[in-house]
Amino acid sequence: MYLCLMAISSVDLFNFVNVLANKAQDGAVTIPEYNIAAYAASVQLWEEYVGEIQRYQYGNPVPPVAYAKTNKIEADMAPFRIPLSAVTADSSGIIDLQFLPNYGYTTDLYRYQATGGQEVVYPSTKVNEQRLAKQLSSSIAQPTLENPYYMVNNATIKVYPASSNVDFSTYKLTYLKRPDNRIVRYTLSGGRPVITAVGIIPGVSSEFLEWNQQNFNDLAVRVLSFLGINLKDGELMQYSELKQRQGV
């Protein structure tokens, strides 16, 4: 059973943050301030789910929070998952990732080979330097074209074994793209900003964020934090419960 999750409206989040900030007396949060903070909050949440590099520990390649560690994280990151993009490895086994739109993190890599008019798929195994060294020196489990290994280095992937045969150089990559900067847009009327509704007109409408509705509160707290307002989760829950009792 699959849930149909709705994306977050940038306008809804802006209005919510403004109410929680309670800054109407001194001008409230400006739209440009919010747009900057919302993008920073989106990137921060994305990096936390993928696994922030500063949270990795020596000898433990999996951080406390990491993509695919729980179903919740996979569901939250689904809007950023780009499936099966065709890539090519050169004769040295290098796959250039710079041409991929907004590339962020590799989740899966498969080698494709046309055999007898059919495509055969060979899943590749992601390794770190320590494991790669063991595999390359192994007498029984070295990387093969049917059981390839790969390692990610910044904007490239190195696959093992490399092959100069064009038939063995086709791969398909699934990756997580980084968040787009989705903003609230506005016009000026009498010198005052008037927010445009969320829609589909590029460059005119305010935009939906890429996150699902279930991440609304998390993003709100992070945006407020970047704006210099510390709001604990418990306080947010109290606010939500109050609004429910008031029928808002």
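From a predicted model like this one, the values you see are computed outputs, not experimental measurements.
In this structure, Ser92 OG and Lys158 NZ are separated by 6.5 Å, a value rounded to the nearest 0.5 Å. Here the CD1-CZ distance, from Ile200 to Phe208, works out to 10.0 Å after rounding to the nearest 0.5 Å. To the nearest 0.5 Å, the span separating OG1 on Thr88 from CD1 on Ile94 amounts to 13.5 Å. Once rounded to the nearest 0.5 Å, the distance linking CD1 of Ile8 with CD of Glu207 reads 14.0 Å. A distance of 9.5 Å separates CD1 in Ile82 from OG1 in Thr174, rounded to the nearest 0.5 Å. Put simply, OG on Ser163 and CD on Gln113 are 9.0 Å apart, with the number rounded to the nearest 0.5 Å.
Shown here for Val223 and Tyr34, the closest heavy-atom pair between the two residues is CG1-CD1, 4.0 Å. When all heavy atoms of Asn212 and Ala75 are compared, the pair lying nearest together is ND2-O, 3.4 Å. Heavy-atom minimum distance, Ser91 versus Ala162: O-CB, 3.5 Å. Heavy-atom minimum distance, Phe168 versus Leu145: CD1-CD1, 3.4 Å.
Under the 4.5 Å side-chain heavy-atom criterion for grouping Ile, Leu, Val, Met, Phe, Trp and Tyr, Ile31 is not connected to Ile201 through any hydrophobic cluster. Side-chain heavy atoms closer than 4.5 Å link hydrophobic residues (I, L, V, M, F, W, Y) into clusters, and following such links, even through other members, never connects Met77 to Leu109. Follow the hydrophobic side-chain contacts under 4.5 Å out from Tyr186 and you reach Val17 in the same cluster. Note: the hydrophobic cluster containing Val50 also contains Leu45 (ILVMFWY, side chain heavy atoms under 4.5 Å, direct or indirect links). In the hydrophobic cluster analysis, where Ile, Leu, Val, Met, Phe, Trp and Tyr join through side-chain heavy atoms closer than 4.5 angstrom, Ile73 is grouped together with Leu219.
In this structure, Glu119 places its CD atom where more than 12 heavy-atom neighbours from other residues, nucleotides or ligands lie under 6.0 Å away. Residue-environment remark: CG (Leu188) exceeds the threshold of 12 foreign heavy atoms within 6.0 Å.
Residues Phe14 and Asn35 have side chains not in contact (no heavy-atom distance under 4.5 Å, counting atoms from C-beta outward). Counting heavy atoms from C-beta on, the side chains of Asn15 and Ile195 come closer than 4.5 Å. A heavy-atom distance below 4.5 Å is found between the side chains of Tyr171 and Ile95. With contacts defined as side-chain heavy-atom distances shorter than 4.5 Å, the pair Tyr103/Ser85 does not qualify. In this structure, Leu173 and Ile157 have side chains that are in contact, with non-hydrogen atoms separated by less than 4.5 Å. Taking 4.5 Å as the limit, every side-chain heavy atom of Val198 sits out of range of all side-chain heavy atoms of Ser205. Within the 4.5 Å cutoff, no side-chain heavy atoms of Asp90 are placed close to those of Ser169. Counting heavy atoms from C-beta on, the side chains of Asn215 and Tyr49 come closer than 4.5 Å.
Remark: the backbone N or O of Asn147 is paired with a side-chain donor or acceptor of Thr144 at under 3.5 angstrom. Between the side chain of Arg111 and the main chain of Ser124, no donor-acceptor pair closer than 3.5 Å is present. In this structure, Glu33 contributes its side chain and Thr30 its backbone to a donor-acceptor pair below 3.5 Å. Thr196 places a side-chain N or O within donor-acceptor distance of the main-chain N or O of Val204, the cut-off being under 3.5 Å. Between the side chain of Asp180 and the backbone N or O of Arg182 there is no donor-acceptor pair closer than 3.5 Å. Within the 3.5 Å criterion, the main-chain N or O of Val11 finds a donor-acceptor partner in the side chain of Ser9. Checking side-chain atoms of Asn102 against main-chain N and O of Arg178 turns up a donor-acceptor pair under 3.5 Å. Ser137 places a side-chain N or O within donor-acceptor distance of the main-chain N or O of Ala133, the cut-off being under 3.5 Å.
Screening Phe80, Trp46, Tyr39 for a ring pair (Phe, Tyr, Trp, His ring centres under 6.0 Å) with Trp211, the sole residue that qualifies is Phe80.
For Tyr160 and Tyr149, the ring centers sit 6.0 Å or farther from each other.
The pair Arg81-Glu74 fails the salt-bridge criterion, with no side-chain N (NZ, NE, NH1 or NH2) lying under 4.0 Å from an Asp/Glu carboxylate O. Using a 4.0 Å cut-off between charged nitrogen and carboxylate oxygen, Arg222 and Glu48 count as a salt-bridge pair.
Geometric assessment of Lys126 against the ring of Tyr105 yields a positive cation-pi assignment under the 6.0 Å and 45° thresholds.
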Set out, in order, the CA-CA distance, both residues' side-chain angles and the distance that settles side chain to side chain contact (heavy atoms under 4.5 Å, CB included) for Phe216 and Asp12, then state yes or no. CA-CA 9 Å; Phe216 189 102; Asp12 287 347; 4.1 Å; yes

